[in-house]
Amino acid sequence: MAILVTPQTRVLIQGITGSFGARHTQLSLEYGSKIVAGVTPGKGGQLFEGIVPIFDTVAEAVRETGATASAIFVPPPFAADAILEGVDAGLDLVVCITEGIPVNDMVKVKAAMQGSKTRLIGPNCPGLVTPGGGKESHGGCRIGISPGYIHRQGNVGVVSRSGTLTYEAVWQLTTRGLGQSTCVGIGGDPVNGTSHLDVIKMFNDDPETEAIIMIGEIGGTAEEEAAAWIKENCKKPVAGFIAGATAPPGRRMGHAGAIVSGGKGTAAAKIAAFREAGIAVADTPSVMADTLIKHIQALKG
Amino acid sequence: MNIHEYQARELFEKFGVAAPRGKVATTSGEAEAVARELHTDKIVVKAQIHAGGRGKGTFTNGFKGGVHVCSTPEEAREVASKMLGQTLVTHQTGPAGRLVNQVFVVEGAEIAKELYIAILLDRATSRPVVIASTEGGMDIEAVAARTPEKIFRESVHPLLGLQAYQTRKLAKALGLTGKQASAGAKLIAALYKTFISCDCSLVEVNPLVVTKAGEVQALDAKFNFDDNALYRQPEIVAMRDTAEEDPREVEASKFGLNYIGLDGNIACLVNGAGLAMATMDIIQYYGGNPANFLDVGGGATKEQVAAAFKIILADPKVKGILVNIFGGIMQCDIIAEGILAAVQETHLSIPLVVRLEGSNVELGKKIIRESGLAVISADSLADGAEKVVAAIKAA
């Protein structure tokens, strides 16, 4: 079953004709995802790679193709508008890959989205993958920019703020024979649509997900909130890693949300919260999968 | 991005936030002229650096204090001459201190009360929040720890903005009454307008004062700006003082690279901020000391990669390099070509460990292999970290 997307999910790409969007649409098509439409205002009527119809608006694309999810590859000055357009068109899921959206734009988008049925993931995220059963997990749903080949169909749910650190965890799992149900990158921005906890609740309810890896980093308190909930409610084994133990305070470490301010949001506090919640903590990013495996065995034994 | 106090003052002027009169000076002569214009016998001369703790700091020439109260323009000139061109060391600058190129000359306020007001993003609610306290002029974190009931928070609806009734609530929380309450409310409204118009991540006024004459003024201001919004804030960008920034970081920003300089001897070059942080962490785990954070990002070109390399190598402390790439957007062959270009151009002589995974990994590894360069290959992140720490010890 997986969460959020299945191999059958019909996806449209906002920003399909830009070089960034085009490349990753191509890769998603190769992976076997159902990319059914693209949206670039002014290019409606054209075909992407001779197969995917392009529309001027998201509403039109949804009407004509039945797409229920969108990936946004639109540059920062226009990305908030693109998100709102997706919400307005009644999509179930909007995944915003764009890095660099002004925080105040996202603050407004989030306020405007309250009460809508659309789930936003991101921005500044790698997207999500529900691996397929084919060679190198082909046939699955890939929304975003993750390399497809690292995935494998299976039962571990992965949720993370970081893109490339997610790939590390996923590759470690795959090479140890442990596949993934769905891998969700929630992104590195301080204001985003979906939190660790939102995804963990979905994993907890998903019959196909049997264990969870949670990757966090300095800044904010999302990991602590998730840990507190996990302690009381999560039925499945969870392992985690927190990046940024060596980050100097007060500096924005690449991700807009990765900053320790006023003593809050430290790696140490998050690691302590994980331990308190019974989440197995990986000491280094190299042992995320091994930490989960040991934790699962320890719980069985 | 940070700005100086005098620039904050200019923003206050622009948006109608009441503050004492003052101007920046770059020479002691200018300082005297500004002081003269103020027509007051209480003139404050403040060293301009992007760090706090100036009042208690010491200059390397022995002069004590980065903030001085003077009674005449001549005295202001004298004080300015001891500050300008000198290095001020405070508990926030680190032992190297900061060079003072400007001073802010401002009329001294006769302070009756010191309050605190700040506006920032509350990550828990994803809304701006106005924080007010009667305990101004001190470390607000200490106030929050000791007497949390003295911190008043008012959340702002992002689409409605700060409402007038909210500014009145805040003025009341600050203990203001009568004319001062309406002046305070007006100042807070103007401060919020500044926060939004300039795409700030923080505006902090500490202290917000009530003067003996009954005026409500912002005596000091600290601004942080949302780096993501700078593309639409050209006036703010014009205020950037690169002399206050780490030169390595200034150079990196010219190439659009995300670089933060640290103190160690193992440099890293990584794609993705989370992985870059984790790479620093794992270097330390294996006994090394990271020299920097560097996220080349996914869209980096061969030229940017080469530039990143050169910036790393310009740091004399660096004794070894770990390149850790897990290509998603980034392709391993682009990184490989960038590395080759950089190694050749810089005549690299220190150990270089490269770990590649992800998009086009086989091509990337092939390019490195066939180059004949002395590059140590690593299979995993742990392998890479262990190898670079060992290589430095062996060298």
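These numbers come from the heavy atoms of this one structure, side chains and all, not from hydrogens, waters or symmetry mates. Residue numbers begin at 1 in each chain, while the letters A, B, ... track the order of the sequences.
- Counting only heavy atoms from C-beta outward, the side chains of A:T246 and B:Y285 never approach each other to under 4.5 Å.
- Of the listed residues (B:A382, B:S359, B:A229, B:A278), the one with the most heavy-atom contacts under 4.5 Å to chain A is B:A278.
- Smallest separation of non-hydrogen atoms from B:G274 and A:L165: O-CD2, 3.5 Å.
- Remark: A:F78 CZ is loosely packed, at most 12 non-hydrogen atoms of other residues, nucleotides or ligands lying under 6.0 Å away.
- Of the listed residues (A:D189, A:I242, A:I101), the one with the most heavy-atom contacts under 4.5 Å to chain B is A:I101.
- Side-chain contact between B:R127 and A:K110 is absent, with no heavy-atom pair separated by less than 4.5 Å.
- Put simply, of A:P77, A:S160, A:G163, A:A111, the one with the most heavy-atom pairs under 4.5 Å next to chain B is A:P77.
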Step by step, work out the side chain to side chain contact (heavy atoms under 4.5 Å, CB included) result for B:S201 and A:V103. CA-CA 8 Å; B:S201 48; A:V103 173; over 6 Å; no
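- Electrostatic pairing of A:R251 and B:E249 counts as a salt bridge here, judged by a charged N lying under 4.0 Å from a carboxylate O.
- Between chain B and the options A:A222, A:A247, A:P248, A:P190, heavy-atom pairs under 4.5 Å are most frequent for A:P190.
- When all heavy atoms are compared, the tightest approach of B:S126 to A:V107 is O-CG1, 3.5 Å.
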A:N104 and B:D226: CA distance, side-chain angles, deciding distance, side chain to side chain contact (heavy atoms under 4.5 Å, CB included) verdict: CA-CA 9 Å; A:N104 204 28; B:D226 175 14; 5.8 Å; no
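- No donor-acceptor pair under 3.5 Å is formed between the side chain of B:Y231 and the backbone N or O of A:G100.
- Only the side chain of B:L262 comes within contact range of chain A, with heavy atoms under 4.5 Å apart.
- Note that CG of B:L275 is 6.5 Å distant from OG of A:S162, once rounded to the nearest 0.5 Å.
- For the options B:E141, B:H157, B:R232, heavy-atom pairs under 4.5 Å to chain A are most numerous at B:R232.
- With values rounded to the nearest 0.5 angstrom, A:D105 atom CG is found 9.5 Å from B:N228 atom CG.
- Within the model, atoms CD of A:E168 and CG of B:L381 stand 5.0 Å from one another, a figure rounded to the nearest 0.5 Å.
- For A:T164 (side chain) and B:N271 (main-chain N/O), a donor-acceptor pair under 3.5 Å exists by modelled atom type.
- Looking at every heavy atom in both residues, B:F326 comes nearest to A:P147 through CE2-CG, 4.3 Å.
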From CA spacing to verdict: side chain to side chain contact (heavy atoms under 4.5 Å, CB included), B:E357, A:W171: CA-CA 9 Å; B:E357 196 55 80; A:W171 188 234; 3.4 Å; yes
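- Contacts with chain B were tallied for A:E99, A:M253, A:H255; A:M253 has the most, counting heavy-atom pairs under 4.5 Å.
- Of the two parts of B:D383, neither the backbone nor the side chain holds a non-hydrogen atom closer than 4.5 Å to a non-hydrogen atom of chain A.
- Formation of a donor-acceptor pair under 3.5 Å by the B:D281 side chain with backbone atoms of A:A245 is found in this model.
- Interface residue B:Q331: only side-chain heavy atoms are found under 4.5 Å from chain A.
- One finds no salt bridge joining A:E225 and B:R123 here, because no Lys/Arg side-chain nitrogen approaches an Asp/Glu carboxylate oxygen to under 4.0 Å.
- Contacts with chain B were tallied for A:G257, A:P76, A:G216, A:S19; A:G257 has the most, counting heavy-atom pairs under 4.5 Å.
- Only the side chain of B:V361 comes within contact range of chain A, judged by heavy atoms closer than 4.5 Å.
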